[in-house]
Amino acid sequence: MPKIGVEQSLTDVQQELQSKGYDVVQLKQEQDAQGCDCCVITGQDQNVMGIQDAAIQGSVINAHGMTAQQVCQVVEEKMGHQQ
């Protein structure tokens, strides 16, 4: 199961992903992104906690202006529906 890092303010996204069975990790600091297949950020700051640098090998999804369901769809597309 893919491990998804979600910025801590996005609780609706966390709940939506957990309901789909994803392993969700709250991103509070840069180290939290390590080992994640994908990270979801608010987009308030494009380089939140430095996550878009070498800390993560996977995708970074900017959730700005998206619903939790839309974010979930993007995660599923990027993860290739791995479940």
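By convention here, the first residue in the shown sequence is residue 1. Quick caveat, the model's predicted, so the values are computed rather than measured.
Using a 4.5 Å heavy-atom threshold, the side chains of V25 and V6 count as separate. When side chains are defined from C-beta on, Q18 does not count as touching D23, because their heavy atoms never get closer than 4.5 Å. The closest side-chain heavy-atom distance from Y22 to Q14 is not below 4.5 Å. When side chains are defined from C-beta on, E16 counts as touching K20, because their heavy atoms get closer than 4.5 Å. The closest side-chain heavy-atom distance from I61 to C38 is below 4.5 Å.
A distance of 10.5 Å separates CE of M79 from CG of L17, quoted to the nearest 0.5 Å. To the nearest 0.5 Å, atom CD of residue Q26 and atom OG of residue S9 are 9.0 Å apart. We find the OG-NZ distance between S59 and K78 to be 4.5 Å, quoted to the nearest 0.5 Å. Of the inter-residue distances, the one linking D32 atom CG with E7 atom CD reads 11.0 Å to the nearest 0.5 angstrom.
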### Query
What's the verdict on side chain to side chain contact (heavy atoms under 4.5 Å, CB included) for V74 and M66, showing C-alpha distance, side-chain angles and the deciding distance?
CA-CA 10 Å; V74 173; M66 295 168 70; 3.5 Å; yes

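The main-chain N or O of D12 is never found under 3.5 Å from a side-chain atom of Q15 such that the two would form a donor-acceptor pair. Using a distance-only test at 3.5 Å, with no hydrogens or angles considered, a donor-acceptor pair links the side chain of D37 to the main chain of K3.
Residue V40 forms a side chain to side chain contact (heavy atoms under 4.5 Å, CB included) with just one option from V13, L27, V24, and that option is V13.
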